[in-house]
Amino acid sequence: MSQHASGAGGVAGPEAEQPSLLLGFPEPARASAKPEPARERPVARVCVESPLPQLDRLFDYLVPEELSAAAQPGVRVRVRLSGQELSGFLLERVDASDSGVALQPLLKVVSPAVVLTPTIARLAAAVAERWAGALGDVLRFAVPPRAARVESEYLGELASGAAPEPEAPGPAATTGAATDDGGGPAGASAWAELQRGPAFLRHLGAGGSPRASLRAVEGYGPRGWPALVAEAVRAVRLTGRGALVVVPDGRDLERAFAALEEALPGDPIVRLAAEDGPSQRYRGFLDLLAGRARVAVGTRGAALAPVRDLGLVVCWDDGDDLHAEPRAPYFHTREVCLLRSELEGCALLLAGHAVSTEAQRLVESGWLQSVSAARSVLRRRLPRVVSTADSFETARDPYARMARLPHAAWQLAREALVEGPVLVQVARAGYAPSLACERCREPARCAECSGPLAENAGPGSARRIACRWCGTPANAWTCPHCGGKELRRSSIGALRTAEELGRAFPGAVVVTSSGENVKAEVPGSPALVVATVGAEPVAPKGYAAALLLDGDSLLGRESLRAGEEALRRWLNAAALVCPAGKGGRVVITAGDHEAVSALVRWDPEGFAARELGLRRTLSLPPAVRVAAVTGSRSAVDGFASAAAGVLGKPGVRTAGPVALPAPSGTAAADASWRLLIFFPVAEGPEATRALRAARIAHATRRGSEPVQLRLDGADVL
DNA sequence: AGCACGCCGACT
DNA sequence: GTCGGCGTGCTC
């Protein structure tokens, strides 16, 4: 170890590997580089931020005495590793190192703020393990980038003792209306109408930690899901515990935030979203850390927020793919919430209008209780849903399909437009590119109903050109304007659809919500509201009707989850429509499909159960787990040979590697290849450990190119 | 990734 | 006999 004689005369170093240049000198450079070690626990265990998988472990550093006070577990530090200066997190102070090498000194404590709590450090480690990723990558998400100014203000306030702890809302509800059943902010609690709903709330309110899969009924108004979620949060707050709500996007964030503020007057709510900018984000993070705020709502990064004494974690619409983090280690917030509820022993709500197959699996295994409305409640609260496919079946007339569908949809819209806003859900431009005449650029229209023509992936590799509204094939098309016969793709989306609808409903107000211009809300006055999938605005009193167009293009996506995803999108849109008793109706224009009948029956659980059964039969996720290994051909092969041990185990199945469709402009030579590895859920921990080890072994090999290792990516199949 | 150490060719 | 090639391996 370092001789205490260091100080200025640290000459006594073990026969130095010093360049001869310095031999005459008392090693001035070293004198400062070899400071006196801390008297207490002189060794710091540090997780460095490095993209290299082989550096994903803790390294020991010597804590200089002058840094000892600041070098607390959970602070950011700078260290030297293999010559380069890196930043990292100090996770532990210990008495001695067992590394067997001479320790480098800690270079710097970036700030004395302890930004990583033991709870979050433990969660981050669990997340890294679950996704076979690097701890440093997870910590980047758990601790937002430092904003020095915000931090110094905060430290100053803490020092001056101006850090009030929020009071839990008083048990006597402040918002007067909480009289009838159970104290929702708007009086009538939507929880009361759910089977096992009151029991869940009671359990929360008694300090318990129940776990549920929650089927929200309405998507708007005082019984909408935001109020439902806020009421659960309020119940845990009354026990003094904190709560965390994770939502897929900014609009859901706004809505959840507003509902929480209403349900918890005086209780500060932290919003966590990347769009809010670094300083606001860091401020919210510090408020949670200090316990000044005990409730957080945010998009996926928020799943790792340091809410103190967490009592409840909520994941809204857990089937939304925005819950999957697109950067390494590619965690999914649903699963992070699950891990958290286990590690922190807190309550868990996976909530949505739809049920993901993952949530269904947890319900069937008994891990989650299902909380959902009885049929009678659904009938009272929901619009009537009809599928236009039904009528073709009964009509048995192929021409009925062409003529009647748009007519039925138009008629519904026309009638509903007297009452209020009508939602028109259309596919995103990229989903179903519309077609136009190659010669005159006029949009190509259906000869039968004047709907837009689109190119869909037909069965096999066949492409079929058909009307997006009525499905009539248009394989021999001639432009009525110029006589041209060639079609070109024109990626028009909601805007053009809106124009077309505007012409079909002269005099109607047409509003669009898509892409850059997403609207959160529309007024209750009559209007056609054309929105792309997932961008549907909320009408405060519910839409009078909804037309779910482009159903077939949602269903036709080549993905294992196309049906599940389509149903989820439809339910989310249909939940924005007022009840049938008030005239609310939904029409879906899609062919015969299990997802369509599940929508008509409003049976998300039944659909999820059936879908999960299918996946079990086929041994596909989420019945099994999957790892996707992506990279150049040689990299994937190299990884596979490093992972030969796991790949050969019974129960482990591989598919590929196959070449992925190259992004346009890329040479075929440097195409990506992908190997899929399926393994049983029960062997998850062992398999992920082995995959992580294989990646390290592969990365350490000379000349190896990196691979991307992605576990349980929902989009890979 | 850097940056070390380490064992074989053309120069002082 | 030394300077230096970059092949292999580690990084507290």
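Every chain is numbered from 1 and lettered A, B, ... according to where its sequence line falls, protein lines coming before strand lines.
Nucleic acid contact for Leu81(A): sugar-phosphate only, since backbone atoms but no base atoms lie under 4.0 Å from a heavy atom of the residue. Within the nucleic acid shown, Ser97(A) has no heavy atom closer than 4.0 Å to any nucleic acid atom. Nucleic acid contact for Arg57(A): base, since at least one base atom lies under 4.0 Å from a heavy atom of the residue.
Ionic pairing of Arg45(A) and Asp60(A) is present here: one or more N-O contacts between side-chain nitrogen and carboxylate oxygen are shorter than 4.0 angstrom. For the pair Glu129(A) and Arg122(A), the salt-bridge criterion is not met [side-chain N within less than 4.0 Å of a carboxylate O]. Using a 4.0 Å cut-off between a side-chain N of Lys or Arg and a carboxylate O of Asp or Glu, Arg561(A) and Glu358(A) qualify as a salt bridge. Salt bridge absent: Arg625(A) and Glu683(A) never bring a charged side-chain N and a carboxylate O closer than 4.0 Å.
Figure legend: Arg710(A) and Trp131(A) shown without cation-pi pairing, the cationic atom not lying both under 6.0 angstrom from the six-membered ring centre and within 45 degrees of its axis.
Between chain A and DNA chain C, the heavy-atom contact criterion of under 4.0 Å yields a 5' to 3' nucleotide range of dT8(C) to dC12(C).
Residues passing the side chain to side chain donor-acceptor pair (under 3.5 Å) test with Arg76(A): none are found, sequence neighbours excluded.
Around the CZ atom of Arg149(A), the shell of radius 6.0 Å holds no more than 12 heavy atoms that belong to other residues, nucleotides or ligands.
What separates CD of Glu705(A) from C1' of dA1(B) is a distance of 15 Å, to the nearest Å. Per the geometry, CD belonging to Gln84(A) stands 11 Å off P belonging to dA1(B), to the nearest Å. In this structure, Glu85(A) atom CD and dG2(B) atom P are separated by 14 Å, rounded to whole Å.
Taking every heavy atom of residues 694-703 of chain A and every atom of DNA chain C, pairs under 4.0 Å involve Arg702(A), by number.
Taking the six-membered ring for Trp, Phe141(A) and Phe331(A) have ring centres closer than 6.0 Å.
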